[in-house]
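Comments concern the structure below.
First the proteins, then the strands, lettered A, B, ... as listed; each starts at 1.
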Amino acid sequence: MPDDKYSPKDSEPKWVQYWESEKIFRFDPKSKSPIYSIDTPPPTVSGKMHIGHAFSYTQQDIVARYKRMRGFNVFYPFGTDDNGLPTERLVEKLKNVKGARMERQEFIRLCEDTLKEIRPGFVSDWKRIGMSCDFDLFYSTINEHCRRISQESFLELHKMGRAYRKDAPALWCPLCATAISQVECEDVEKSSTFNDIMFKVDGKDVIIATTRPEMLPACVAVFAHPDDERYKDMFGKKAKVPLFNHEVPILADARADPTKGTGIVMCCTFGDQTDIAWYLAFNLPLKKAIMPDGKMSELAGRYAGLKIADARKAILEDLKSEGLLVKQKAITHAVKVHERCQTEIEIINSKQWFIKFLDLREDMLRWGAELKWHPDFMRHRYDNWVKGLQWDWLISRQRFFGVPFPVWYCKKCDLPVFADKKKLPVDPLKDSPPAKKCACGSTEFLPEKDVLDTWATSSMTPQIVVQLAPKTLRKKLFPMSLRPQAHEIISFWLFNTLVKSRLHYGVNPWKDVALSGYVTDPLGEKMSKSKGNVVEPQVVLAKFSADAMRFWAGGSKLGEDIPYQEKELVAGDKFVTKLWNAAKFAFMHLECFKEGKVSEIMDKWILSRLSEVIEESTSAFDVYEFSRAKFIIERFFWNDFCDNYLELIKTRLYEPKKPEHKTSAQTALSIVLPALLKLMAPITPFITEELYHKYLHASEKKPSIHVCNWPEPPKKDKTTEEVGKIVVAILSAVRKKKSEMKLSMKSPVKKLVVECKNVEVSCDLNAAIEDLKATCCAEIVEFGKGKEEITTEVKITVEL
RNA sequence: GGGCCCGUGGUCUAGCGGUUAUGACGUCUGCUUCACAGGUAGAAGGUCCCCGGUUCGAAUCCGGGCGGGCCCACCA
């Protein structure tokens with residue numbers, strides 16, 4: 001048979017197509033089975049899946065497939081996250097345009113068109129790794145459905161007094177020209193210079209250290225610690241700011257650290273968060289030195305229009321030439337940057353929408369504690385984040401491609417008017433405001449141009465997916481069973497979703513959360529394009545197979561980061577081949593067989609072992625420990641089943657002494673092999689589907705192995721356990737002996753004397769004697785006398 | 001600075017109070033027409049990071065180091 005090799009390259013795409021056309025994973029609204037609902041992460045449309053995706057989505061898919069076989073009606077939707085800044089970036093790159101320089105509606109149209117173009121290819125990457133989602137339960141975070149839900153959420157949050165608009169200092173990315181939220185910042189170590197600059201107080205010099213001399217024009221006060229003897233007599237006086245010559249008060253506050261710099265610090269609006277605190281506490285004036293585009297404002301006088309970095313250079317030059325720069329010291333310090341573009345963040349005062357939630361810290365901790373975390377320690381990440389919250393959630397973005405705010409403002413008094421809930425989704429830039437008068441009597445309104453933070457929408461995924469199902473089912477689907485996701489976005493997605501669900505519905509959105517780790521390069525470093533250590537799943541799939549990739553992904557625990565090592569994929573490849581061959585062998589002997597009695601001891605033994613394996617792997621799967629389940633199944637398959645059991649029964653299959661000896665083996669085989677395929681089906685869905693259709697479809701009748709029932713453990717036979725262990729030990733000892741003697745495993749042995757050290761030879765062992773003889777190619781097998789405790793240690797004497 | 005995770009043969013890993021410390025990859029030595037050379041049998045290879053403690057007994061529990069990683073904070 002030339003074609004009896006397995007070719008995943010042909011087989012896998014075939015099953016992807018089959019599953020889709022036969023709607024194998026369709027969620028059945030009419031089913032009476034208990035529902036297991038999954039809040040699938042919508043991957044950000046970036047053109048391509050990366051290996052980290054392949055890894056973590058495989059892990060959640062293993063869970064979904066397992067639950068399905070356990071009889072749950074699995075609700076497993078799929079969405080793409082294609083709204084907001086990342087999409088703008090992608091489109092700008094692909095189409096070589098700049099959103100800010102285009103007509104807004106034209107850019108939005110281009111984004112939509114581009115998405116339409118690339119989305120199918122993007123989603124097919126997910127299908128290719130065997131995701132068993134119901135792809136008809138599909139959403140895109142920018143479509144009408146999601147816009148409506150997102151806008152509805154905003155309106156409700158406003159109604160309950162949580163959403164507010166305020167002219168306030170906010171984190172700002174000058175490159176993206178938008179406000180951003182705390183979660184979008186990250187810290188980067190950068191080298192900088194500490195500059196000692198001379199201020200004048202009563203004509204005397206006071207030296208102030210700063211890393212940001214370009215903020216001088218925005219200096220509104222100078223602070224020192226109340227107990228600082230060096231500055232005590234200056235409190236209440238005025239300091240003259242160098243170069244700009246405006247006078248600012250010298251104030252006392254405990255937030256000034258006497259040990260830092262010269263102990264006296266300038267307060268600018270705004271250099272950092274302490275500045276904001278002082279600005280609010282002392283009611284200081286607001287001076288904007290930096291404009292939203294990252295350039296200096298008119299306030300900076302002759303430096304106006306310069307970029308921040310250039311202004312810093314120019315101001316330092318001028319300070320130096322005027323003798324006002326006393327000292328410079330090179331330092332490295334952490335700087336807040338925008339995680340998407342690595343641009344240093346400014347704090348700029350502007351009118352923004354916020355969600356008030358800092359008052360809920362205690363509640364947030366309680367809500368988090370109510371979730372079941374897998375692994376459990378991940379809850380600390382969440383707690384840590386909640387405890388460190390410093391800003392209300394800023395949800396407005398000065399961008400173009402996103403969900404619009406359903407808001408207009410009165411032209412006269414700037415009061416907002418909100419869209420009618422029934423009319424959602426709306427786009428204020430296109431749609432007219434509700435036909436109402438403003439409280440001030442005006443009827444003229446201006447549309448809000450800002451869009452919502454992407455997380456304001458993606459934090460609604462439980463509602464987004466649940467509302468894809470018929471109304472009658474929604475109560476059963478929500479709260480959902482599981483949120484699987486990557487651990488690095490606990491503070492983004494998990495946190496925001498939890499908070500919104502509590503605010504809107506008063507309940508947690510899910511019961512369990514499962515956090516996947518991420519994939520590093522072989523040296524344990526995070527993969528990134530700049531390091532050039534990125535491994536692409538497409539390449540992995542081409543070289544190995546989706547099953548091999550899944551075998552690798554299924555081998556590591558939830559929450560564990562793993563280094564990508566190609567050799568791990570080799571193991572998966574080998575497993576697939578071995579399974580193929582073992583199945584081929586087994587079914588070759590099961591053609592036209594009639595089930596009979598399992599009479600032989602080794603057959604009882606393998607069934608007993610299978611029983612154990614099913615029980616253990618099932619309880620591992622139940623707590624999301626799929627890697628442990630895989631370990632258990634794999635060991636059983638490879639050692640017990642292939643290496644030992646199949647060898648033991650070969651002779652009985654090929655040339656049985658009595659027909660019932662063969663029937664016994666066949667019957668055991670007909671139980672073990674299908675069970676094995678099913679146990680592995682969640683992890684390696686393609687090869688198991690292929691084998692199911694090749695050999696089992698006719699008898700089992702279900703359209704796919706993935707909708708078959710999970711195997712039931714057969715009856716255990718305790719008495720076979722010891723015999724099994726000893727027989728395996730005997731085989732091993734004989735193999736060792738033959739190997740030492742450089743003989744073939746099939747070389748005949750006249751008489752095999754088994755000296756059992758410390759082993760009680762029971763009559764049960766005699767029951768295995770025929771299988772032993774056949775497997776060892778021995779004419780006679782004799783057992784020595786055993787004594788005392790039972791171990792598996794066996795001494796072998798081979799007589800030729 | 002705070003929190004969390006991790007440290008087991010060359011590499012990756014299982015085990016988490018009593019095992020001759022698991023398995024894979026790699027290495028070496030054999031075997032080979034009857035499922036599988038994409039195979040099979042065997043072998044070599046380990047201070048279970050270090051130091052204390054608890055215990056009859058610790059890779060496993062506790063304390064303290066050292067090293068790596070992640071999250072958060074500070075960012076005068």
Side-chain angles (χ1 to χ4, degrees), chain A residues 4-6 182 186-190 192 194-196 208-212 223 255-267 271-275 331-336 375 377-390 487-488 490-491 517-518 520 522 524-526 552 555-557 559-589 627-628 631-632 634-635 638-639 642-643 646-647 650-651 653-655 731-732 734-747 791-793:
Chain A
D4 82 337
K5 294 225 159 158
Y6 176 62
Q182 187 182 345
E186 66 186 30
D187 293 348
V188 175
E189 280 291 324
K190 288 206 174 172
S192 179
F194 222 3
N195 307 288
D196 286 358
I208 292 182
T210 179
T211 53
R212 304 211 48 192
F223 282 92
R255 275 166 284 208
D257 181 351
T259 65
K260 268 192 188 170
T262 54
I264 187 160
V265 59
M266 64 174 189
C267 167
D272 65 21
Q273 287 199 59
T274 321
D275 289 345
I331 56 158
T332 55
H333 66 164
V335 181
K336 249 193 191 31
F377 67 80
M378 284 295 176
R379 72 170 72 246
H380 298 297
R381 298 274 178 97
Y382 172 89
D383 289 352
N384 206 213
W385 171 253
V386 170
K387 287 175 190 160
L389 280 175
Q390 307 205 17
H487 65 65
E488 64 257 49
I490 288 175
S491 52
Y518 58 78
T520 64
E525 292 205 39
K526 215 167 178 176
W552 160 72
S556 82
K557 292 186 250 191
E560 204 150 86
D561 303 335
I562 74 160
Y564 175 81
Q565 307 233 68
E566 196 171 276
K567 65 186 189 190
E568 310 284 332
L569 276 288
V570 175
D573 238 16
K574 286 188 174 182
F575 174 81
V576 167
T577 306
K578 189 76 175 174
L579 192 59
W580 172 264
N581 285 312
K584 189 173 74 180
F585 172 79
F587 289 113
M588 183 171 85
H589 294 283
S627 66
R628 195 157 62 85
F631 182 82
I632 293 162
E634 203 187 339
R635 293 274 49 81
W638 217 289
N639 293 144
C642 291
D643 293 348
L646 291 185
E647 294 304 322
K650 265 182 186 169
T651 308
L653 290 172
Y654 284 113
E655 41 207 42
L731 285 187
S732 168
V734 170
R735 284 167 180 161
K736 186 170 178 177
K737 198 89 191 173
K738 286 187 176 175
S739 195
E740 277 168 4
M741 298 169 84
K742 304 200 171 180
L743 291 170
S744 155
M745 290 304 131
K746 282 177 183 155
S747 60
T791 71
T792 52
E793 207 171 312

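Under the 4.5 Å side-chain criterion, counting only non-hydrogen atoms from C-beta, A:Lys578 is not in contact with A:Phe575. By the 4.5 Å heavy-atom criterion applied to side chains, A:Trp638 and A:Asp643 are counted as neighbours. Counting heavy atoms from C-beta outward, A:His487 and A:Arg381 have side chains that approach closer than 4.5 Å. Within the 4.5 Å cutoff, the side chain of A:Ile562 has no heavy atoms near those of the A:Tyr518 side chain. With a 4.5 Å cut-off on side-chain heavy atoms, A:Lys650 and A:His589 do not count as touching. The side-chain heavy atoms of A:Tyr564 and A:Leu569, taken from C-beta on, include a pair separated by under 4.5 Å.
Rounded to whole Å, the separation between the C1' atoms of B:G45 and B:G23 comes to 15 Å. Spacing between B:C12 and B:A73 at atom C1', rounded to whole Å, works out to 34 Å. The C1' atoms of B:U22 and B:U13 are separated by 9 Å, rounded to the nearest whole Å. Comparing the same atom, C1', in B:C51 and in B:G42 gives a spacing of 40 Å after rounding to whole Å. For the P atoms, the distance from B:A43 to B:A24 is 13 Å, rounded to whole Å. Taking atom P on both B:G53 and B:G17, the two are 22 Å apart, rounded to the nearest angstrom. Comparing B:G1 with B:U47, their P atoms are spaced 34 Å from each other, to the whole Å. Rounded to whole Å, the separation between the C1' atoms of B:G30 and B:A44 comes to 14 Å.
For A:Asn384 and B:C4, the CG to P distance is 9 Å, given to the nearest whole Å. Rounded to a whole Å, the CD atom of A:Glu560 is 8 Å from the P atom of B:C6. Straight-line distance from the CG atom of A:Leu569 to the C1' atom of B:G38: 14 Å, rounded to whole Å. To the nearest angstrom, P of B:C31 lies 14 Å from NZ of A:Lys738. As rounded to whole Å, 14 Å separates atom C1' of B:G39 from atom CG of A:Leu646. One can place CE of A:Met378 at 13 Å from P of B:C72, the figure rounded to the nearest angstrom. Counting to the nearest Å, the C1' atom of B:A76 and the CD1 atom of A:Ile331 are 8 Å from each other. With rounding to whole Å, A:Glu647 atom CD is found 9 Å from B:U40 atom C1'.
Regarding contacts with the backbone of B:A76, every side-chain N or O of A:Thr210 stays at 4.0 angstrom or more from both OP1 and OP2. Side-chain N/O atoms of A:Trp638 include none lying less than 4.0 angstrom from OP1 or OP2 on B:C36. For A:Gln273, a side-chain nitrogen or oxygen approaches OP1 or OP2 of B:C74 to under 4.0 Å. The phosphate of B:C74 has OP1 or OP2 within less than 4.0 Å of a side-chain N or O from A:Gln390. For the pair A:Gln565 and B:U13, the criterion of a side-chain N or O lying under 4.0 Å from OP1 or OP2 is not met. OP1 or OP2 of B:C74 sits under 4.0 Å from a side-chain N or O of A:Lys336. Put simply, A:Lys387 has no side-chain N or O that comes within less than 4.0 Å of OP1 or OP2 on B:G2.
Taking every side-chain heavy atom of A:Lys557 into account, B:G15 is the closest of B:G15, B:G10, B:C70. In the set B:G39, B:C31, B:G38, the nucleotide with an atom closest to the side chain of A:Lys5 is B:G38. The A:His333 side chain lies nearest to B:A76 when the options are B:U40, B:A76, B:G30. For A:Tyr518, the side-chain atoms get nearest to B:G69 when compared with the rest of B:A73, B:C36, B:G69. Of the candidates B:C36, B:C12, B:A73, B:C12 carries the atom nearest the A:Glu568 side chain, counting heavy atoms from C-beta on. Of the listed nucleotides (B:G23, B:U40, B:C12), B:G23 has the atom at the smallest distance from the side chain of A:Arg635. Taking the side chain of A:Ser739 as heavy atoms from C-beta on, and the options B:U13, B:G42, B:C74, the nearest nucleotide is B:G42. Checking B:C34, B:A76, B:G39 against every side-chain atom of A:Lys746, the shortest atom distance belongs to B:C34. Listed nucleotides: B:A76, B:C36, B:C25. Nearest to the side chain of A:Lys574: B:C25. When distances run from any side-chain atom of A:Phe377 to the nucleotides B:G39, B:C5, B:A41, the shortest one goes to B:C5.
Counting any heavy atom pair closer than 4.0 Å across all strands shown, A:Thr274 reaches sugar-phosphate atoms only and no base atom. A:Arg255 comes within 4.0 angstrom of a nucleotide base, judged by non-hydrogen atoms across all strands. Residue A:Val570 is classed as having no contact, given no heavy-atom separation below 4.0 Å to the nucleic acid. A:Ala256 comes within 4.0 angstrom of a base, heavy atoms only.
At distances below 3.5 Å, at least one donor-acceptor pair connects side-chain atoms of A:Asp275 with backbone N or O atoms of A:Gly271.
Remark: B:U11 base-pairs with B:A24; criterion is Watson-Crick or G-U wobble with both hydrogen-bond distances under 3.5 Å. Pairing of B:G39, defined by two Watson-Crick or G-U wobble distances under 3.5 Å, is identified with B:C31. Of all nucleotides present, only B:G69 satisfies the Watson-Crick or G-U wobble test against B:C4, with each distance under 3.5 Å. When both pairing distances are held under 3.5 Å, B:G45 makes no Watson-Crick or G-U pair with any nucleotide shown.
The base of B:C72 is not paired with the side chain of A:Asp187 by any donor and acceptor separated by under 3.5 Å. Counting distance only, with no hydrogens placed and no angle test, the side-chain atoms of A:Lys742 and the base atoms of B:U29 include no donor-acceptor pair under 3.5 Å.
Position along RNA chain B of the nearest nucleotide to A:Ala571 versus A:Arg381 favours A:Ala571 as the more 5'-ward residue. Toward the 5′ end of RNA chain B lies the nearest nucleotide of A:Met588, the other residue of the pair A:Thr262 and A:Met588 mapping further downstream.
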For side chain to side chain contact (heavy atoms under 4.5 Å, CB included), just list the numbers for A:Ser192 and A:Arg212, CA-CA rounded to whole Å, side-chain angles, deciding distance to a tenth of an Å, and then say yes or no. CA-CA 9 Å; A:Ser192 179; A:Arg212 304 211 48 192; over 6 Å; no

Please assess A:Tyr6 against A:Thr577 for the test side chain to side chain contact (heavy atoms under 4.5 Å, CB included), listing each intermediate value before the final yes or no. CA-CA 7 Å; A:Tyr6 176 62; A:Thr577 306; over 6 Å; no

